[in-house]
Peer 1: 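Sending over a structure as C-alpha cells; questions will come in a sec.
Keep in mind that what you see is a predicted model, and the values were worked out from it rather than measured. Every number for a ligand or one of its atoms is a count from 1 in the order of the listing.
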Amino acid sequence: MFHLRTCAAKLRPLTASQTVKTFSQNRPAAARTLGQIRCFTAPVAAEPFLSGTSSNYVEEMYYAWLENPKSVHKSWDIFFRNTNAGAPPGTAYQSPLPLSPGSLSAMARAQPLVDTQPNVDKLVEDHLAVQSLIRAYQIRGHHVAQLDPLGILDADLDSSVPADIISSTDKLDLAVFKERLRMLTVGGFYGLDESDLDKVFHLPTTTFIGGQESALPLREIIRRLEMAYCQHIGVEFMFINDLEQCQWIRQKFETPGIMQFTNEEKRTLLARLVRSTRFEDFLQRKWSSEKRFGLEGCEVLIPALKTIIDKSSENGVDYVIMGMPHRGRLNVLANVIRKELEQIFCQFDSKLEAADEGSGDVKYHLGMYHRRINRVTDRNITLSLVANPSHLEAADPVVMGKTKAEQFYCGDTEGKKVMSILLHGDAAFAGQGIVYETFHLSDLPSYTTHGTVHVVVNNQIGFTTDPRMARSSPYPTDVARVVNAPIFHVNSDDPEAVMYVCKVAAEWRSTFHKDVVVDLVCYRRNGHNEMDEPMFTQPLMYKQIRKQKPVLQKYAELLVSQGVVDQPEYEEEISKYDRICEEAFARSKDEKILHIKHWLDSPWPGFFTLDGQPRSMTCPSTGLTEDILTHIGNVASSVPVENFTIHGGLSRILKTRGELVKNRTVDWALAEYMAFGSLLKEGIHIRLSGQDVERGTFSHRHHVLHDQNVDKKTCIPMNHLWPNQAPYTVCNSSLSEYGVLGFELGFAMASPNALVLWEAQFGDFHNTAQCIIDQFICPGQAKWVRQNGIVLLLPHGMEGMGPEHSSARPERFLQMCNDDPDVLPNLEEANFDINQLYDCNWVVVNCSTPGNFFHVLRRQILLPFRKPLIIFTPKSLLRHPEARTSFDEMLSGTHFQRVIPEDGLAAKNPENVKRLLFCTGKVYYDLTRERKARGMEEQVAITRIEQLSPFPFDLLLREVQKYPNAELAWCQEEHKNQGYYDYVKPRLRTTISRAKPVWYAGRDPAAAPATGNKKTHLTELQRLLDTAFDLDAFKNFS
Ligand SMILES: Cc1ncc(C[n+]2csc(CCOP(=O)(O)OP(=O)(O)O)c2C)c(N)n1
Ligand SMILES: [Mg+2]
C-alpha cells in the first residue's frame, strides 16, 4: 500500500506536461525526483482500488502515461489527469469512452465492458487482474512451458503449475483448466469470472501480445500469452533490472507471428540436422566400441551453434572463440569448426604415431583454430576451440581471457569483432563453482568480453545422477541470474524454436553486449559414454528414450508434410553426407602420423620458424643502459601529470624511491618497475592482474595513483614512460583465484609478445586455483603442444604470521617439475641453460635480490620460447635494507643469475671452508646475519639457488668443486616435508655423483605450514640457524 500511496502522492504536485518532460528526459533520475516530491504535505489520494498488488501496475501505467499520455487507456489517462489536477479521493475516475469498433474481429463478439455504466471498482480491478495475469505469464510462464522432449521430466524440477497462471497447456486438460480458472476467480486470485473471458481488456505497454491491437478479449490474451510463454520456449528474464532490456525480450517473444522461418531457412536447418545426426551415426557404425561422448539426443546443438555464429557474423563478428566439454565435441569440430573429417577419423586409429613431443591428449580434449568463409554471410570468420582438460567448466575463464586478449590486440573495445561461446553440461553448469566465478568477471572493466553466449546441453542427467539429486536450484542455469543474463530454455525436439532462441541470443549479445544463456533441454540417447548402460540407473527415462523418434526424422516429416522438401530430396541430402564421411574415412587410413600441432587453438605466427621451432637457442643480456634505468626510476618516483594531488604518505614513498634512483639502487618495487617499464619500451604489452595488485597487498607497488580530491581520477605513471610504448594494464581483480588465474592464462595464450602476470594475494591462495595449475599450466605444453608464458607471483615466506599466509607451497610446484632427479644431464652441451629451459614444463624461481627478480622478468620475454614462470616473491624483503641491487648489476651485459655463489671471505680461501650451505630466498638474510654474529664467515659458505627448476646442475657442481673440504647442507625455513628439500636433495646428490651426504638444517616435518605462535616461530628459526652453523651437528649421522 505504501508503494501506491507514494505513487498517488507523486501525482499531485506535477502538471502532466511538466512531468512528461522530466521523466522522459532521464528516467533514472525519476526516483530521486519522486523521493523529494514525497515530502509534500498534500493528502494521499485514497482510491478504493489502489491496494496491494495493484500498485505496481498502476505505477507502471503511470510511468507510461508520463512518457506518453496516449499510451494508456483513455480511462487511465483521465484518471491520471484528474489526480494530477488535485481531484479529491474517489472522484478522479471517470467512465471512459467506448473502444473504437472493428479493431479486432473477435471484439465484435466481445461484451464491451467499458461502455456499460461502470461498476468502477470491478472495472479497475478487472483491468488490474488482467495486467497481473500478463505479468504472471512473463515471470512464471516458463514453469509451464513444454520443455522436456521426453515429456516425463520438468525442466524446473517442479511439476506444479504456478498458482497465478491459467494454463490450458498439455499439462492440463480442459476440465482441469476450467477448475483452475474457477479457483483463481471465484473469490480467488484475480476476481475474474469465466464470463469475463469474452470481455475486452486494454493491454499495458509492457506487453506486445496485441501486435497492432491495444485491447483484446481475455480469452485471446490468455491464448497469446500461452503461445509466447508456455510452448516450447521458456523465457526467464523478468529478474533483469532494466526496463529497456525487458521490453526488448518481450517484443522478441510476444509479438504475434514473430517466429517465422522462410523455406530456405528451414531447408538449411534440415541440412544441418542431417550433418549433425549422420556424423554421430557414422562414428557409431565405424567405432561402436569407442568412447566419443556423442551428441545423440541433442543433435540440434550443431544448427544451434551455427545459427549463433551466422547471426553474429552478420552483426560484424569475425572471430569466435569457443570452449566446450566432451559432449558432442567431435561433431562440433567436424560440423561447426569444419576440421577435416579425415583428421578426426584418423584419431580413432590406435596405431597412429605422434609426431610431436609431449604426452598428447585424447581426441575429445584437443583444441582447434580455423579460418574460413561463413557461407551464410559470405564474410571471413575465424573459429577457435580452446583445448580443455577433463575438469568440467575449467576452460570457461580461459576462453574468456583469450577472448579478452584477442579483443585487446585488435582494438575491439566493445566486443564487436571478437566474441566467445561457451558450452556447458547441465550437471556441470549447476555444480561447478567456476561457472559462478566466471560470470562475475563478465562485467568488470578489465575482464569483460562484452557478452558471452552460453549454450547448455541440458540432457537432464550428469553421468548417472538425476538432476533432482544434483542441484538445489530449479534450473541448471540459475547461476546466470546473478549477472542479469536472460535465459532461454527450449525444447530441443523443436528445431525451429531452438533456431529462434539462438538468433535472439546472438542479437541480444550484439545489442546489449551482455551474457545470455540458451538452455537446450534435451536427452542423452546413450549412456554417459557409448560403453555405459544407462538402464542400470535411469530405467524409466531410458525406456522413454528408446521410444523417442530422432529429431531429424521428426523434423524431416514435418517439412515433407509442409511441402518444404520432398522425401527423395531429403534422402539425397543424407546419402550425400554419408558419402562425404565414407570418402574422408578412406583418406584417413593414409594418415600414419598424428600432428598435435595441427590441433593448436592459438598459433603464434611469426614467433617460431615455419616448422615450429624457436628462432634461436640463446637469450640476450637482460640488462639495460643506465639511461633507461634512470628514466624509469624517475617516472616511478614522480607524478607525471599536472594538477594531481596524491596522498602525503605516498609522496614520502615516491621520495624514497627517488633517493634510491639517485643512489643507483633498486628495491623490489623499483626492480619490478624497471622490468615492466623497459619491456613496454620494447613493445611488449604487460598485464598484471590479481587481488589488490594496483597498490600491492603489501603497499609497496603503487602502480595506480589516486587523486585525493577528485573521485576516480587516477594516474598510471607506467603508461607515461615512452612515446609509442606498449600499453600497461594493471587491474585489481574480483576475489577469485580459479577464475582470474584461468582468465590470465587464457589472456597469455593469445600472444607471445605480452608479459601476463597473475599475483596471488598470499601465495597459499593459489590452491583455490589448483585446477588451472594442475590441468593447464603444468602440463599444457605436453598435452596440447601449446606454449604459455604466464607468470605467477606468489608471496611466500615464514614471517611469524601463522599457518595461513606463510607458504606458497613450493613443494607442490617442484614436485610437478618434469626434470629427472637421478639423471645428470650433459653439462658440456652448448647453451645448456637455455636447452634446459626449453625442455622443462615450467620455471620455478625464488629470487633473493631485486636485481635477479628484474632479470628473470625480462628473461621471460627475451627467451625465444615461452614457459610458465612461478616466482615465490618475498614479503619482508620488500623493505629489507639489504635486499637492494645496484644499477651495476642491471646494466647491459648482465644476466639473471640461476645461482648466486658465495662471494665473501669464504670464497677467498675455499679450502678452509668447512660447510657449504645451500639455500633459496629470504632465509639467506637470516643465515648471513647469524654467520656474521658467530664470526664464521671463513668457515661457512652460503650459496643461493635462485632458479630451483630447471635445476642448475652445472653451476652447483662448480660450487661444490670449489669447496673440496666442505660438508654440504641444505637450509630452509620451511618444514622438512615442505619447501624445497625433497626436490633439491636428490638433485644435489646427483650433481656430486652421490659422493657426499647432503644434510638438512630446517624445521621438523609438520602438518601445518607454520606455527600460529610468534614465539615458537622465533624459537624454531633460532634452532634451524643453530643447526646450520653447528659444525658438529651432523657428526653423529656420518
Ligand atoms: C570437475 C569434474 N568432476 C567430475 C568429472 C567427471 N565427469 C565427467 S562427465 C560427468 C557428468 C557431466 O554431466 P553434465 O555436465 O550434465 O554433462 P553431460 O555428460 O550430461 O553432457 C562427470 C561427473 C569431471 N569431468 N570434471
Ligand atoms: Mg548432462
Side-chain angles (χ1 to χ4, degrees), residues 147-150 152-157 276 280 291-302 304-305 322-332 361-365 387-398 422-438 454-473 475-480 489-492 517-534 536-538 541-542 545 738-739 742 767-776 779 783:
L147 299 175
D148 176 21
L150 302 175
I152 53 173
L153 290 168
D154 290 284
D156 60 354
L157 307 183
S276 171
E280 297 295 348
K291 270 193 207 172
R292 61 192 154 80
F293 299 105
L295 201 49
E296 292 97 328
C298 194
E299 290 89 344
V300 83
L301 175 69
I302 300 303
L305 291 176
M322 292 166 56
M324 71 175 296
H326 50 286
R327 179 86 46 222
R329 195 170 173 114
L330 298 179
N331 207 330
V332 168
D361 201 349
V362 291
K363 49 192 162 294
Y364 39 85
H365 286 166
N388 66 291
S390 179
H391 286 53
L392 293 166
E393 307 291 346
D396 297 359
V398 181
L422 279 181
L423 276 74
H424 314 269
D426 53 321
F429 201 51
Q432 292 292 306
I434 187 59
V435 175
Y436 178 86
E437 292 187 39
T438 308
H454 299 264
V455 181
V456 182
V457 174
N458 180 359
N459 52 21
Q460 311 184 79
I461 192 163
F463 209 148
T464 66
T465 303
D466 186 293
R468 286 165 292 194
M469 302 301 139
R471 64 172 194 259
S472 296
S473 60
Y475 294 102
T477 50
D478 286 295
V479 60
H489 308 280
V490 58
N491 184 323
S492 297
V517 179
V518 174
D519 179 23
L520 299 175
V521 186
C522 56
Y523 58 93
R524 190 187 70 193
R525 188 166 286 280
N526 301 313
H528 174 58
N529 62 60
E530 290 67 25
M531 305 294 95
D532 248 14
E533 174 50 82
F536 286 150
T537 50
Q538 270 75 25
M541 184 188 206
Y542 275 80
I545 289 175
Y738 192 174
N767 59 15
T768 65
Q770 199 65 47
C771 177
I772 298 294
I773 294 167
D774 288 354
Q775 314 313 124
F776 290 88
K783 294 199 289 191

Peer 1: Which of the atoms of ligand 1 are close to Arg327, meaning less than 4.0 Å from one of its heavy atoms?
Peer 2: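 Within the 4.0 Å cut-off of Arg327, ligand 1 contributes 18 (P), 19 (O), 21 (O).
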Peer 1: Of the protein's non-hydrogen atoms, which lies at the shortest distance from atom 17 (O) of ligand 1, and what is that distance?
Peer 2: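 The closest heavy atom on the protein side is Gly425 CA, 3.7 Å.
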Peer 1: His326 versus ligand 1: do any nitrogen or oxygen atoms come within less than 3.5 Å of each other?
Peer 2: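 So ligand 1 has an N or O lying under 3.5 Å from an N or O of His326.
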Peer 1: Between Gln460 and Asp426, do the side chains contain a donor N or O and an acceptor N or O under 3.5 Å apart?
Peer 2: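 Not at all, the side chains of Asp426 and Gln460 share no donor-acceptor pair under 3.5 Å.
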Peer 1: Quick check on contacts: which atoms of ligand 1 are under 4.0 angstrom from a heavy atom of Gln432?
Peer 2: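 Listed by number with element: 1 (C).
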Peer 1: Any side-chain heavy atom of His454 sitting closer than 4.5 Å to one from Val518?
Peer 2: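 No. Closest side-chain heavy atoms not under 4.5 Å.
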Peer 1: With rounding to the nearest 0.5 Å, note down the distance linking CE in Met531 to CG in Asn529.
Peer 2: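 One gets 6.5 Å once the value is rounded to the nearest 0.5 Å.
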Peer 1: Does either side chain, that of Glu280 or that of Asn331, offer a donor lying less than 3.5 Å from an acceptor on the other one?
Peer 2: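 Result is yes, a qualifying pair exists.
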Peer 1: Tell me whether Leu392 has any N or O atom under 3.5 angstrom from an N or O of ligand 1.
Peer 2: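 Yes, at least one N or O pair falls under 3.5 Å.
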Peer 1: Hey, mind stepping through Met541 and Leu153 against side chain to side chain contact (heavy atoms under 4.5 Å, CB included) and telling me if it holds?
Peer 2: CA-CA 9 Å; Met541 184 188 206; Leu153 290 168; 3.9 Å; yes
Peer 1: Can you check whether His424 reaches Val455 side chain to side chain, under 4.5 Å on heavy atoms?
Peer 2: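 They are not in contact (no side-chain heavy atoms under 4.5 Å apart), so the answer is no.
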Peer 1: Against heavy atoms of Ser390, which atoms of ligand 1 measure under 4.0 Å?
Peer 2: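 In order of numbering, the contacting atoms are 24 (C), 25 (N), 26 (N).
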Peer 1: Say whether, by atom type as modelled, one donor and one acceptor occur between the side chain of Arg524 and the main chain of Phe463 under 3.5 angstrom.
Peer 2: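 Flag set: sc Arg524 to bb Phe463 pair under 3.5 Å.
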Peer 1: Give the numbers and elements of all ligand 1 atoms closer than 4.0 Å to a heavy atom of Ile461.
Peer 2: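 Reading through ligand 1 atom by atom, the close ones are 16 (O), 20 (O).
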Peer 1: Answer yes or no: does an N/O atom from Ala427 fall short of 3.5 Å to an N/O atom of ligand 1?
Peer 2: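 Among all N and O atoms of Ala427, at least one is under 3.5 Å from an N or O of ligand 1.
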Peer 1: Write out the residue and atom name of the closest protein heavy atom to atom 15 (O) of ligand 1, then the distance separating them to 0.1 Å.
Peer 2: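 Of every protein heavy atom, Ala428 N, 2.9 Å lies nearest to atom 15 (O) of ligand 1.
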Peer 1: Heavy atoms only, cut-off 4.0 Å: how does His528 contact ligand 1, side chain, backbone, both, or neither?
Peer 2: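 Side chain only.
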Peer 1: Identify, for atom 13 (O) of ligand 1, the protein heavy atom at the shortest distance, and state residue, atom and that distance.
Peer 2: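 Nearest protein contact, heavy atoms only, for atom 13 (O) of ligand 1 is Gly462 CA, 3.3 Å.
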Peer 1: Is there a heavy atom of Arg524 sitting under 4.0 angstrom from any atom of ligand 1?
Peer 2: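 No; Arg524 lies far enough from ligand 1 that no heavy-atom distance drops under 4.0 Å.
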Peer 1: Any nitrogen or oxygen of Asp426, main chain or side chain, under 3.5 Å from a nitrogen or oxygen of ligand 1?
Peer 2: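 Indeed, backbone or side chain, Asp426 has an N or O that close.
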Peer 1: Closest non-hydrogen protein atom to atom 11 (C) of ligand 1, residue and atom name please, with distance?
Peer 2: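 Here the closest protein heavy atom is Phe463 N, 3.5 Å.
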Peer 1: Testing the 3.5 Å rule here: is there a donor-acceptor pair between the side chains of Asp774 and Gln770?
Peer 2: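 Asp774 vs Gln770: donor-acceptor pair found between side chains.
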Peer 1: Tally of protein N/O/S atoms under 2.8 Å from the Mg ion (ligand 2)?
Peer 2: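 N, O or S atoms of the protein closer than 2.8 Å: 3.
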Peer 1: For Phe293, does the CZ atom sit with more than 12 other heavy atoms under 6.0 Å from it, leaving out its own atoms?
Peer 2: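 Count over threshold, so yes.
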Peer 1: Given side chains that start at C-beta, do those of Arg471 and Leu157 come closer than 4.5 Å, heavy atoms only?
Peer 2: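 Heavy-atom side-chain distance check passes, below 4.5 Å.
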Peer 1: Side chains of Ile772 and Val398: closer than 4.5 Å at any heavy-atom pair?
Peer 2: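 Yes, close enough: below the 4.5 Å cut-off.
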Peer 1: Considering only heavy atoms from C-beta outward, does the side chain of Val332 approach that of Met322 to under 4.5 Å?
Peer 2: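 Yes; the side chains approach each other to less than 4.5 Å.
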Peer 1: Contact between Met324 and Val457 at the side-chain level, heavy atoms closer than 4.5 Å - yes or no?
Peer 2: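 Met324 vs Val457: side chains apart.
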